[in-house]
Structure formats: structure tokens, C-alpha cells
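Along the sequence shown, residues carry numbers from 1. Worth knowing before you read on, the calculation uses all heavy atoms, side chains too, and leaves out hydrogens, waters and symmetry mates.
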Amino acid sequence: MPRRIRMRVTRSVLLVTLGGVALAGCGTEVRDGTTTPSAGQSSSGSSAPSPTSTPTSTPVPTPDTTADGVVLLNERLSAGRAPGVAYVQAGGTVHLPDGTVREAAHDYNGFAVTGDLLVGGWYDNEDGKDYVDVETGGELTTTRMGQGIAQSASGKTIAWNTPDGTIQTAWDGGQVEIGKAKRGSTVTAVTGDGTCFEAESPSGGCAVYYAPRTGPARLTSSHGIDDIVGSRTLHVSDVAPNGDLASQTSVSDEGSCSGVQRAGRDKLRWETCDYSLFGFSPDGGHLLAGPAYLDGLGFADIQILDAATGEETASFRVPEGYIAGWTWESPDSALLVTYRDSWQMVRITTSGAAETALIWDGEDRDELERPWTLAMRPS
């Protein structure tokens, strides 16, 4: 795979997934970390509040920022609402946005949920092989998996492959094989609005994007077509609701270049060599992005870009730490799993706000033992 992402240092915990999540704004207005006196109270605080006065609120700390405006994801972040996307917690529990908690068959390193269907990938430390669980209607099926799980922008279609390259798609209510890639290929993205049977599909079937070990990115579709994606397209990390692609166009020992490729065309809306592109927001308006060269355990900086122009709208950093997972939660927010002496789940927004969604309070876990895996899309 040409992206030079070597992040499965411990495969059972560090397979990073791509997909959709976004957040709502924090909604608390703070000026320089202080609040103004309420009506009926003197600024010195020496007089008693009048019967009509409202109590002052506890000041909420504003996030620390660098001189160039990068928001620091540290211990000063205020506590926010619970995660608005499903996640698997170490120990084998699935936590859904409505507060429901249920057992997970395994600690997944990548998973997707839609309706009554859960598809989760996991690594068996005993035999050194990858597996996929497909759970629906209370029934669980486990088979060998190739590389990669993907979920469509609608959230309704999920795809993965088997070790021999067979590409499998599933939705809430059915499954079907739609093609076969070369052995060693990685499934990276999928389109579809549920069923991949074209006669029943509201969007005309499904297409699965995959990256062979060498050569350009390819797609195979329910139309029976298998072809390259574009003359310069090496890797497709996500597909927007309008069909645009987050594509990698070049890679070298120094970094990579990426861009947004027009739906169904071999042309780019824009291109950058400053970022790697991860995934579109649920409405397709923004992109999560990271360093142009991804290597090692992880990276500390993540950006939100305007998907139409490639302009940066917000930038965040985990000081002396790293980001182990990410997903969109809403059109305006995303969730990150971060490590900095301890594990936190952090919410970031397209406007540059940040807050803590979860703090790990279980047994001590080092930087290789990620406690949460985020679902690829909101459910």
C-alpha cells in the first residue's frame, strides 16, 4: 500500500480506522477564562446578590493554543458530552450513542455498525491471523479477513475482503460478494446506500475501492466492472456523499501529495503536499487530515480542512503525545483517541473548539494499549 502508514506496531490495538464522525459545538462562551459579574452584584463581590440576580457560573478554561493558533489537546480541556458515535472498549463491550452497552465478541481494531449489523475486525495473537466478525440478529459468524474494513458515507454499506482477495459487502439485511482483488490488497472505501443488489438499491448498487500492494488504486463495482480509479490515484481513503474522492496522488521518502478527486472523473478539485487526507465529514463539507508523511507509532497533529478548497479551518496537537484513532461524529465535530501520559477521548470541532468526551479510568494502559476503538461512521 503506497501511503507509508506503519501504525500496527501492536496489531491488536493500533490498527487505525477511517470513517465518518462529527461533533456539535461546546456552546459555552468564555472570555479569557473568566465570567462577568451577574446583574445585581458588584464587581468587587462585596454586596449580597439581589433576589433577581443569577448565580455566576464556574469559569470554563479556554484551550491552550500555540502562537500560530494550534489548539493543544491537554489536561486543560473542559469536560464535554458523551461520545456521539459507537465505540468498543477494551474488555469486550460495545457502547452505542444511546447509552446501550452490550458485549463484543472481541476487542476490535476496526469496526462498523449500521442498524442491527456489526462488522468488526480483530487480530488473533495466537495464530497471527486477521479475522472478521459479522453479527446480526443475535447471530455471530467469524471468518478469516484480508486487510481493511470500510463503510460508505451513508453508513449503510460495509465492505471488507478475504485472504484470497474476495470482496464482501454487507448491509442491515443482507450480504453479497461483488468482486475479487489481488491477494494482499487493502479495502479502503466503499459507496452504497444499503443493499448492493442493483435492482433494489436506491443508488444503483455499490463500488469498493482497494489498494493493491503495488500499482494504482482500483475499484470493483456491483456492475461487474474492475478498473483503475485514476491515472494518478494511488490510494482512496474515503468517498464523500457527492462521490468526490479523498485520493493520494504521489508518495516518496520525504512525504506524499493528496487531493480531492472529482466524482467519476480523472481530475482533481485541488491538490496538496502538506497533508494526508483521512475522511470526509458526514455532509462532505470538511476533511480530517494529518501529516504528509505518516510513520511510526502515530502522529501528534491533526487538521480540519475545507473539502471544497483544501484550506485549513482548524488545527490541533497532542503535546508530547499522539493520536491513535479518529472518526467524524457530526458535520461539525470529530472524536479522537489520544495518548499523553494517559488515554483520553477528545472532541474537536470545525470552528477550532475542543473538549474531553471520555477519560480512561480503568487499569493502567501504556501507549501501545489503546482502550477504545471508534466506529467508522455515526450510527
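Distance check, rounded to the nearest 0.5 Å: CH2 of Trp372 to OG1 of Thr338 gives 7.5 Å. Taking CZ from Arg213 and NZ from Lys182, the interatomic distance works out to 11.0 Å, rounded to the nearest 0.5 Å. The OG1 atom of Thr186 sits 12.0 Å away from atom CD1 of Ile149, with the distance rounded to the nearest 0.5 Å. A distance of 4.5 Å separates CG in Leu287 from CZ in Phe280, rounded to the nearest 0.5 Å. Here the straight-line distance linking atom CH2 of Trp171 with atom CG of Leu117 works out to 10.5 Å at 0.5 Å rounding. Taking CD of Glu103 as the start and OG1 of Thr93 as the end, the distance is 9.0 Å to the nearest 0.5 Å.
Without hydrogens or angle criteria, Ser276 side chain to Pro291 main chain gives a donor-acceptor distance under 3.5 Å. The backbone N or O of Leu72 lies less than 3.5 Å from no partner atom in the side chain of Asp64, so there is not a single donor-acceptor pair. Under the 3.5 Å distance criterion, the side-chain polar atoms of Thr191 are left unmatched by any main-chain donor or acceptor of Ser152. With hydrogens and angles disregarded, no donor-acceptor distance shorter than 3.5 Å links the side chain of Tyr210 to the backbone of Gly148. The backbone N or O of Val71 lies less than 3.5 Å from no partner atom in the side chain of Thr65, so there is not a single donor-acceptor pair. Proximity of a side-chain donor or acceptor of Asp227 to a complementary backbone N or O of Leu219 within less than 3.5 Å is not detected. Looking only at distances, no side-chain donor or acceptor of Asp133 sits under 3.5 Å from a matching main-chain atom of Val119. In this structure, the side chain of Thr249 engages the main chain of Cys257 through a donor-acceptor pair within 3.5 Å. Side-chain atoms of Thr356 never come within 3.5 Å of backbone atoms of Ala79 as a donor-acceptor pair (strictly under, hydrogens ignored). Side-chain atoms of Asp107 come within 3.5 Å of backbone N or O of Gly91 as a donor-acceptor pair.
Two residues are said to be in side-chain contact when any heavy atoms from C-beta on lie closer than 4.5 Å; Met345 and Tyr87 meet this criterion. Counting heavy atoms from C-beta outward, Thr143 and Thr162 have side chains that stay 4.5 Å or more apart. Looking only at side-chain heavy atoms (C-beta outward), Leu268 and Arg232 come within less than 4.5 Å of each other. Looking at Leu118 and Tyr108, their side chains come closer than 4.5 Å, going by heavy atoms from C-beta outward. Side-chain contact between Ser221 and Ile178 is absent, with no heavy atoms from C-beta onward closer than 4.5 Å. No side-chain heavy atom of Ile359 sits under 4.5 Å from any side-chain heavy atom of Ser342. Side-chain contact between Gln261 and Val229 is present, with heavy atoms from C-beta onward closer than 4.5 Å. Put simply, the side chain of Tyr209 does not reach to within 4.5 Å of the side chain of Arg218, judged on heavy atoms.
A pairwise comparison of heavy atoms in Asp306 and Thr313 identifies N-CG2, 3.9 Å as the closest pair. The nearest pair of heavy atoms linking Ser222 to Gly205 is OG-CA, 3.3 Å. Between Leu335 and Ala357, the shortest heavy-atom distance links the atoms CD2-CB, 4.2 Å. Of all heavy-atom pairs spanning Phe111 and Thr373, the tightest one is CE2-O, 3.2 Å. Nearest heavy-atom pair across Thr195 and Ser201 is O-CB, 3.3 Å. The two residues Gly310 and Leu305 have their closest heavy-atom pair at O-CD2, 4.0 Å.
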Check against side-chain contact (heavy atoms from CB on, under 4.5 Å), Arg340 and Glu75: CA-CA 9 Å; Arg340 183 178 179 270; Glu75 66 281 352; 2.6 Å; yes

Residue pair Ile158, Val190: steps toward the side-chain contact (heavy atoms from CB on, under 4.5 Å) verdict: CA-CA 7 Å; Ile158 303 169; Val190 59; over 6 Å; no

Working for side-chain contact (heavy atoms from CB on, under 4.5 Å), residues Trp343 and Arg370: CA-CA 8 Å; Trp343 289 96; Arg370 184 175 63 182; 4.0 Å; yes

Evaluation steps, side-chain contact (heavy atoms from CB on, under 4.5 Å), between Leu288 and Ile302: CA-CA 7 Å; Leu288 284 176; Ile302 193 166; 4.2 Å; yes

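Ring centroid separation for the pair Trp360 and Tyr339 does not come in under the 6.0 Å cut-off.
Sparse packing is recorded around CG of Asp361, with 12 or fewer heavy atoms of other residues, nucleotides or ligands lying under 6.0 Å away. The number of heavy atoms from other shown groups lying within 6.0 Å of CD (Glu139) does not exceed 12. No more than 12 heavy atoms of other residues, nucleotides or ligands lie within 6.0 Å of CG in Asp364, so this atom counts as exposed by the packing criterion.
Under 4.0 Å is where a charged nitrogen must lie from a carboxylate oxygen, and between Arg377 and Asp238 at least one such pair does. Under a 4.0 Å N-O distance rule, the pair Asp172/Lys156 does not qualify as a salt bridge. Ion pair Asp164/Lys180 flagged as a salt bridge, since at least one NZ, NE, NH1 or NH2 atom sits closer than 4.0 Å to an Asp/Glu carboxylate oxygen.
If you chain together hydrophobic residues whose side chains sit under 4.5 Å apart, Leu374 and Leu368 fall into the same group. Both Ile304 and Leu336 are assigned to one and the same hydrophobic cluster, defined by single-linkage of ILVMFWY side chains at heavy-atom distances under 4.5 Å. Criterion: ILVMFWY side-chain heavy atoms under 4.5 Å apart, direct or through other members. Under it, Trp326 and Leu77 are part of a common hydrophobic cluster. Hydrophobic clustering of Ile, Leu, Val, Met, Phe, Trp and Tyr side chains at less than 4.5 Å, counting indirect connections, unites Val88 with Val113. Note on Val94 and Tyr131: same hydrophobic cluster, where clusters join Ile, Leu, Val, Met, Phe, Trp and Tyr whose side-chain heavy atoms are under 4.5 Å apart, directly or indirectly.
In this structure, a donor-acceptor pair under 3.5 Å is absent between the side chains of Gln151 and Thr114.
The ring-ring contact (aromatic ring centres under 6.0 Å, His included) test with Phe299 singles out one residue from Tyr322, Phe278, Tyr293, and that residue is Phe278. Each of Leu73, Val346, Asn74 was checked for a side-chain contact (heavy atoms from CB on, under 4.5 Å) with Val318, and the lone residue meeting it is Leu73.
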